[in-house]
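Some notes on the structure that comes next.
Convention: sequence-line order gives letters A, B, ...; per-chain numbering from 1.
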Amino acid sequence: MREIVIGLVARSLERLATEGVLSGELAAAFLERGAEFKVERPREKSHGDFSTNAALVLSRLAGMKPRELAQRLLAAMPTDQASGVRCEIAGPGFINFHFSAERLRTLIPEIASRGRAYGRSRSGVGQRVLVEFVSANPTGPMHVGHGRGAVTGDAIARLLSAIGCEVEREYYINDAGAQIDVLGRSVLYRYRECLGREVVAPPDYYPGEYVTEIARALIDRDGERWLERCDYLARDHAEDKSGLERPPVEVVDFAITWVMREIRADLESMRIHFDHWFSERTLHAEGGIDRALAHLSAHDWIHEGVLEPPKGREVAASEESDNRVQVLFRSTRLGDDSDRPLLKADGTPTYFAADIAYHFHKAQRGYTRLVDVWGADHGGYVKRVQAALEAMTGQKDLLDVVLTQMVNLTQGGKQVRMSKRAGTFVTLREVLDETGSDAVRFWFLTRSSGAGLDFDLDLAKSRSNDNPVFYVQYAHARVYSLHAKLKERELPEVEGDLSRLTADEEMNLIRLLGLFPETVEGAALSREPHRVTYYLSDLAAAFHGYYNNYRILDEDPDLRGARLALVRAAGQVIANGLDLLGVSAPESM
RNA sequence: GCGCUCGUGGCUCAAUGGAUAGAGCACCGGCCUUCUAAGCCGUAGGUUGCAGGUUCGAGUCCUGCCGGGCGCACCA
C-alpha cells in the first residue's frame, strides 16, 4: 500500500518538474531532492492512511510556501475515483491520503493470493548478508543469554531473507586459546577423580556437572589411557602454575566435540540451523591471522608502542607489568580511544587479532554486509572491530553489531538466580524443556535487544491471554476453529460479498493487515525483530476484539463469506509473522 | 577516569525527525452465561531524568549534567 502512495507522489513531482512549473535546473534538483520526502503513517487517524511531507521539505527549493506547493502537487496527483485514493492538504502543508473502503477491501484477495509470500518484498535483492550469532564458547552448555542471542540472530536472518537478501548464518567456534586448555584440564581433573586417583583442583577449571559427564564418556572410550598424561593434577598448582601441562589434543577435541554436540542439540530444538560452522583453529592453521596482520602492516596500521593503563581503575598488583612495548593496531585513527594490542609478549596473537582476522576473512568472502549479534558484555569491542574492518577493506559500515542485553529469569514473581558459582546456573536446555521453543523464541523477541528482559517462566507456559505467545497463537488457531465449525454445521463455502464489510473494526483490521509489509521491511532494515512481535500482538488484539464482538459465522451467507475471508487473511498474516520469528502457528490449541 | 547502552503513566515496555506520545498489566466503572476456554467493553492516568542547542517541527539529532546496567591491560 505504501508503494502506491510513494508512486503517486513521485509521479506528481515528475509532472510538476516536466510541466515547467519550475525551471529546468530547479526541476532536476527538485527531482533529486524529491528522494528526501517521506511517506508515513500518521499517528492521528483523521489524517488518513498515509501522509507525506513532500511540500514541506521541498517548499524552499520551489520558492513557494508549503501549502502553495502542496496545492500544485495535489493538482498534479494522478488520482481519480477509480484509484480509490483521496488526498487533501492539511496543517502546514502535509498531504494526506485516504484509502476508500473499497480500495482497502482489495487487500483481502491480495493476501489470499499471495499467501505465504504476503509481507515479503524485494528491497534487499542483490545484498549478500552474513549473520554471525551465538558463537558461544565450546566450553560449556548454552545459557539463557546465549539463547536470546540465538533467537535474535535467527530472526534477523529470517527478516533479511524476507526482504530479498541472500542470507547465510554462521557460528564462530572459539576452539583455540587458553579457555580450551582450561576445558581439557577440567575434564582430566574429573577423569582422574572418576578413576579414583589422587587429585587437586587446578587453579582454573570449569565446575559444571557436564565436565564430569565428559570425563566419564572419555573413560568409556579410552579407559585409563590418559592417566599418565595428567600426573601433574595430583599436585597443587595454586602457587606455581608452571607445572600445568597442556592437555593432549585428543582429550581437548573429545571435550569440544561433546560440548558442541550439546549446543547443536539446543539450537536444533529451537529450529535454528547454521550454514557455516567456522573454526578459529582453521583460521590459525591456514595463516589467516598472519595474512590479516600483514595486510594491516602494509597499510601502516601497525606500530609498536606502550599503552597507558586505564585510569581510575584498580590495577591488581600481580598484573602490573606496564611500560611494555607491544605491537598495536592504530585504532585511534578511526575514533577508538586507544590503540589495541595485536600480539602478546610471547609473540602469539591476542584474541583481538584473531577476531579481526576472522572478520577480514568474512569480508573477503564477498558479502555486501556483515551482521554480528553479540552479548552486551562485548559492547566495548564494537568500535575496534569496525575500525579494523575499515582499515583492512576501506569500507565503512560493512559491519553492523546488534547487542543483546541480559535475560532475568523469574518464576512466581521471584527472580531465579543464575550463578555459576552457586551451581544454580540455569541452562537454556532447562528453560526449553520447561516452556518449549515457541515460548522462548517469542518471549525473547518481545523487547528491543538493547533492553534488559524479564522472562517469566510461569507466565510463558500459561494458557492465558496474559501470555503474549498464547494470545497470538490462539488468534491463529481460532481462524481454523471457525473452519471446523463451518464444516460441523455443514454450511456451504461461499465467496461472500466483501462490500458487506463496513464496520470500524473490520476496516481497522484490514488496515492493520496492510501495515504488515512495512513492518517487516522496517524490522529487517533496523535489525529489530521485536517490531514484528509488537505488530503481531496488536494484530491479535484487533482480531480477538473483532471475534468477540461480531459473529463471524453469520446466518447471511454473503456476510459470513466476507467475514471468513477477512478472518482468513488475518490468520495468514499471523502465520507469516510468526514464521519470521521462527514460532509455530498451530491450527488448534 | 573512559567507552557503550538505557532513562517514557504506579509496573513492564512501544513509538523510520512529524500533527493530540501509544500498548499490556494493575486500578476504577460497566456488561456478560452466545463460533473454544472468566471473558468482553470503557474511564482515568504524562512537562518523555534535568538544562541548553539545531530544525518549520525533537521522546527521537547535538552539547553538558544526573541516575541505572555492561565493559575497560599481552582473558577469551
By salt bridge (charged side-chain N to carboxylate O under 4.0 Å, His left out), which residues pair with [X], not counting sequence neighbours?
X        : answer
A:Glu488 : A:Lys485
A:Asp339 : none
A:Glu390 : none
A:Arg441 : A:Asp154

Exercise for the section: Quick one: list whatever passes side-chain contact (heavy atoms from CB on, under 4.5 Å) with A:Glu528, sequence neighbours left out. Expected result: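 For A:Glu528 the side-chain contact (heavy atoms from CB on, under 4.5 Å) partners, ignoring immediate neighbours, are A:Ser526, A:His530, A:Arg531.
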Practice task
Mind checking side-chain contact (heavy atoms from CB on, under 4.5 Å) for A:Leu403 and listing every partner two or more places apart, or none if nothing turns up?
Solution key: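 For A:Leu403, the residues satisfying side-chain contact (heavy atoms from CB on, under 4.5 Å) (neighbours in sequence not counted) are A:Trp374, A:Val382, A:Val401.
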Under 4.0 Å between any heavy atoms, over every strand shown, what does [X] touch: base, sugar-phosphate, or nothing? Just pick one.
X        : result
A:Gly375 : nothing
A:His378 : base
A:Asn137 : sugar-phosphate
A:Gln326 : base
A:Gly93  : nothing

Handout entry: Separation of atom CZ in A:Arg185 from atom P in B:A76, rounded to whole Å
Key = 13 Å
Completion exercise
Atom NE2 of A:His544 and atom C1' of B:C41 are separated, to the nearest Å, by 16 Å
Problem - Pair A:Arg2 + A:Glu521, salt bridge at N-O below 4.0 Å - result: no
Problem - Note: A:Arg568-A:Glu493 ion pair, threshold 4.0 Å (strictly below) - result: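 Looking at A:Glu493 together with A:Arg568, the answer is yes, because their closest N to O distance falls below 4.0 Å.
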Problem - Heavy atoms from other residues, nucleotides or ligands near CZ of A:Arg246 exceed 12 (cutoff 6.0 Å) - result: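 It does not: A:Arg246 CZ has 12 such atoms or fewer within range.
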Practice task
Pick out which of A:Phe352, A:Tyr351, A:Phe278 makes a ring-ring contact (aromatic ring centres under 6.0 Å, His included) with A:Tyr358.
Solution key: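 Answer after filtering A:Phe352, A:Tyr351, A:Phe278: A:Phe278.
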Exercise for the section: Would you please test A:Leu581 and A:Val151 for side-chain contact (heavy atoms from CB on, under 4.5 Å) and show each step? Expected result: CA-CA 8 Å; A:Leu581 306 179; A:Val151 167; over 6 Å; no
Exercise for the section: For RNA chain B, find the residues of residues 557-571 of chain A with a heavy-atom distance under 4.0 Å and give them by number; none if there aren't any. Expected result: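 By residue number: none to list.
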Exercise for the section: Only pairs at least two apart or in different chains count here, so list each salt bridge (Lys or Arg N to Asp or Glu O under 4.0 Å) that has a residue in residues 542-565 of chain A. Expected result: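 Only A:Arg500-A:Asp556, A:Glu506-A:Arg563 qualify under salt bridge (Lys or Arg N to Asp or Glu O under 4.0 Å).
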Problem - Residue whose closest nucleotide on RNA chain B lies nearer the 5' end, A:Arg340 versus A:Tyr381 - result: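 It is A:Arg340 whose nearest nucleotide is closer to the 5' end.
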Protein N or O to nucleotides 2-6 of chain B N or O, pairs below 3.5 Å:
residue: B:G3; atom: O3'; partner: A:Lys383; partner atom: NZ; Å: 3.2
residue: B:C4; atom: OP1; partner: A:Lys383; partner atom: NZ; Å: 3.4

Problem - A:Thr350 vs B:A76: side-chain N/O to OP1/OP2 distance below 4.0 Å - result: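 Answer no for this pair, as no side-chain N or O of A:Thr350 is under 4.0 Å from OP1 or OP2.
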Problem - Of all pairs that satisfy ring-ring contact (aromatic ring centres under 6.0 Å, His included), the ones with a partner from residues 457-481 of chain A, not counting sequence neighbours - result: A:Phe470-A:Tyr474, A:Tyr471-A:His544, A:Tyr474-A:His544, A:His476-A:Tyr480
Practice task
Check step by step if side-chain hydrogen bond (donor to acceptor under 3.5 Å, both in side chains) holds for A:Asn137 and A:Thr139.
Solution key: CA-CA 5 Å; A:Asn137 282 345; A:Thr139 54; 4.9 Å; no
Handout entry: Summary of protein contacts for nucleotides 19-36 of chain B, nucleotide by nucleotide, where a base hit scores B, a sugar-phosphate-only hit scores S (4.0 Å, heavy atoms)
Key = BB-------------SBB
Handout entry: Paired and unpaired positions of RNA chain B as dot-bracket, Watson-Crick or G-U wobble under 3.5 Å, | denoting a partner strand
Key = (((((((..((((....[...))))..((((.......))))......(((((..]....))))))))))))....
